[in-house]
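Worksheet: one structure, shown below.
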Amino acid sequence: MAHDRQFPHDQQAHQGDPTPHAHAHRHDHGGTVDWATVAELLEAEAELFGPAYARALAWLGKEVTEPGLIVDAGSGPGVIACLMAETFPGARVVAADASVPLLERARARAARLGVADRFGTLAGELPGSLAELDYPADLLWASRSLHHLGDQKGALTAFAARLAPGGTLAVLEGGLPVRWLPRDIGFGRPGLQARIDVAQEDRFARMRAELPGAVAETEDWPALLAGAGLKHTGTRSFLLDVPAPVPDRARAFVVSALARAREVHADALDAEDLATLDRLLDPADPGSAHRRPDVFVLAAHTVHRAVRPV
């Protein structure tokens, strides 16, 4: 049953970097953010992964049959939020994020897709900004936004408090790292992506430790959801499999991901791996990601679902 109340007015974002949560894990707290570039990367990734998100929403739709209000907590530029508006045509959708520029992109996207009349935005730091919602959510979705909050257990409790009785919280965390290339690409030391994964895990751990109010938690998401007073009703992983030869947008995503890895892990990788990345990023090199025929995209996203008891 749809609600009749108006969307909350957009709130002014708090100071600081809201740390966009692309799969590339742009965990850069502080400093100047080029939001146009960030938004393009986030949009390109979410659009590429759209089939996996669509299957996740179809799975959620078996439990959440006629939502009145859906909230995307940590929405970025609104690709998934707009997909929610299309998937649940009777629902209103609120995209909540700390970045005003990204929410502007979300509103523009909703207008292009013809869902602006059922689409609103809420700017501010999570989870506190959700107190501005006019009514409880029937579905609250948090896709890789929770790990940017220092107290994840506390955030889950706050998310749960914003649910209507019988409402569902869906948390996308974990899964498997994206794979783009064979283990042996014909030059450099085999296993480059495994070493990038190690560097990323170390970087992720540092990011978590440096968050305000950081609390170390065992990442047992069903247990954490139960601790927030919710009933865990299922966990599923959704595969994205784009085999070689990939379309242009998938190749562009891989090139962007490799460039990001080269940028953020320059101090963690050895000279040989950095040289390998340089070759992979050189459009003139026949072995580069721009030209090689064996580029692919393979990943799995894991979604944990829980319900607020009636």
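Bear in mind the structure is a predicted one, so any value in this text is a computation, not a measurement. Excluded from the calculations below are hydrogen atoms, water molecules and symmetry mates; all remaining heavy atoms, backbone and side chain alike, are included.
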Requested in this report: Identify whether V307 and L60 are in the same connected component of the hydrophobic contact network (ILVMFWY, side-chain heavy atoms under 4.5 Å).
Outcome: no
**Report entry** R179/D197 ion pair, N-O < 4.0 Å
**Finding:** yes
**Report entry** ring-ring contact (aromatic ring centres under 6.0 Å, His included): pairs with one or both residues in residues 55-112, sequence neighbours excluded
**Finding:** W59-F238
Query raised in the report: So do the side chains of L126 and L149 get within less than 4.5 Å of each other, counting heavy atoms only?
Result: yes
Query raised in the report: Should we count CG of D270 as having more than 12 external heavy atoms under 6.0 Å?
Result: yes
Report task. Could you list who else is in L298's hydrophobic cluster, with ILVMFWY side chains joined at under 4.5 Å, directly or through other members? Result -> L239, F296
Query - salt_bridge(E219, R208) N-O dist < 4.0 Å - result: no
Query - Sidechain-backbone polar pair: S145 side chain, A73 backbone, donor-acceptor under 3.5 Å - result: yes
Query raised in the report: Below 4.5 Å, heavy atoms only, C-beta onward: do H265 and I196 meet side chain to side chain?
Result: yes
Report task. Could you walk me through whether H301 and R144 pass the side-chain contact (heavy atoms from CB on, under 4.5 Å) test, one step at a time? Result -> CA-CA 10 Å; H301 289 347; R144 292 201 172 105; 3.3 Å; yes
Query - Atom of A111, atom of A116 and distance for their closest heavy-atom approach - result: CA-CB, 3.9 Å
Report summary line: When rounded to the nearest 0.5 Å, the distance separating CG of D138 from OG1 of T168 is 8.5 Å
Query raised in the report: Okay, side chain of D184, backbone of P190: is any donor-acceptor separation there less than 3.5 Å?
Result: no
Query raised in the report: Hey, does the side chain of R262 reach the backbone of L277 with a donor-acceptor pair shorter than 3.5 angstrom?
Result: no
Query - Connected via hydrophobic side-chain network under 4.5 Å: F253 and I80 - result: yes
Query raised in the report: For G76, does its backbone N or O pair with a side-chain atom of D97 as donor and acceptor, under 3.5 Å?
Result: yes
Requested in this report: Go through the side-chain N and O atoms of H147 and E173 and say whether any donor and acceptor fall under 3.5 Å apart.
Outcome: yes
Query - Considering all heavy atoms, the nearest A39-P77 contact - result: O-CG, 4.2 Å
Requested in this report: Taking the side chain as every heavy atom from C-beta outward, state whether V255 and P283 have any atom pair closer than 4.5 Å.
Outcome: no
Query - E40 and R105: CA distance, side-chain angles, deciding distance, side-chain contact (heavy atoms from CB on, under 4.5 Å) verdict - result: CA-CA 10 Å; E40 289 174 3; R105 299 283 288 246; 3.9 Å; yes
Query raised in the report: Does the side-chain contact (heavy atoms from CB on, under 4.5 Å) test come out yes or no for L140 and L130, once each step is laid out?
Result: CA-CA 10 Å; L140 196 155; L130 299 185; 3.9 Å; yes
Query raised in the report: Roughly how far apart are L83 CG and W141 CH2, rounded to 0.5 Å?
Result: 9.0 Å
Requested in this report: Quick one: do V254 and V246 satisfy side-chain contact (heavy atoms from CB on, under 4.5 Å)? Show the steps, please.
Outcome: CA-CA 10 Å; V254 171; V246 295; over 6 Å; no
Requested in this report: Find the distance between CG (L69) and CG (D134) and round it off to the nearest 0.5 Å.
Outcome: 9.0 Å
Query raised in the report: Which atoms form the tightest heavy-atom contact between F119 and A106, and what is the distance?
Result: CE2-O, 3.7 Å
Requested in this report: Spell out, as yes or no, whether a donor-acceptor pair under 3.5 Å connects the side chain of S288 to the backbone of D282.
Outcome: yes
Query raised in the report: Between L280 and I185, is any pair of side-chain heavy atoms under 4.5 Å apart?
Result: yes
Requested in this report: Quick one: closest heavy-atom pair of L139 and A170, and the distance?
Outcome: CD1-CB, 4.4 Å
Requested in this report: Can you see which heavy atom on P182 is nearest to which on D294, and at what distance?
Outcome: CG-OD2, 3.4 Å
Report summary line: Shortest non-hydrogen pair, G188 vs T276, comes out as CA-OG1, 3.4 Å
Query raised in the report: Is there a donor-acceptor pair closer than 3.5 Å between any side-chain N or O of R251 and the backbone N or O of R292?
Result: yes
**Report entry** 4.5 Å side-chain heavy-atom contact, S75 and L102
**Finding:** no
Report task. Ignoring hydrogens and angles, tell me if any N or O in the side chain of R291 forms a donor-acceptor pair with the backbone of A284 under 3.5 Å. Result -> yes
Query raised in the report: When hydrophobic residues are tied together by side-chain contacts of less than 4.5 Å, even through go-betweens, does L146 share a cluster with V94?
Result: yes
Report summary line: The reported gap from CD in Q193 to CD in Q200 (rounded to nearest 0.5 angstrom) is 12.0 Å
Query raised in the report: Parallel, tilted or perpendicular: which fits the ring planes of W221 and H304, with parallel below 30° and perpendicular above 60°?
Result: tilted
Query raised in the report: Among the clusters formed by ILVMFWY side chains lying less than 4.5 Å apart, do V215 and L156 turn up in the same one?
Result: no
Query raised in the report: Do the non-hydrogen side-chain atoms of V295 and L181 ever get within less than 4.5 Å of each other?
Result: yes
Query - Common cluster, Y53/L113, ILVMFWY with side-chain heavy-atom separation under 4.5 Å - result: no
Query raised in the report: So how far is it from E263 CD to L281 CG, rounded to the nearest 0.5 Å?
Result: 11.0 Å
**Report entry** Spacing of R107 atom CZ and R109 atom CZ [to the nearest 0.5 Å]
**Finding:** 15.0 Å
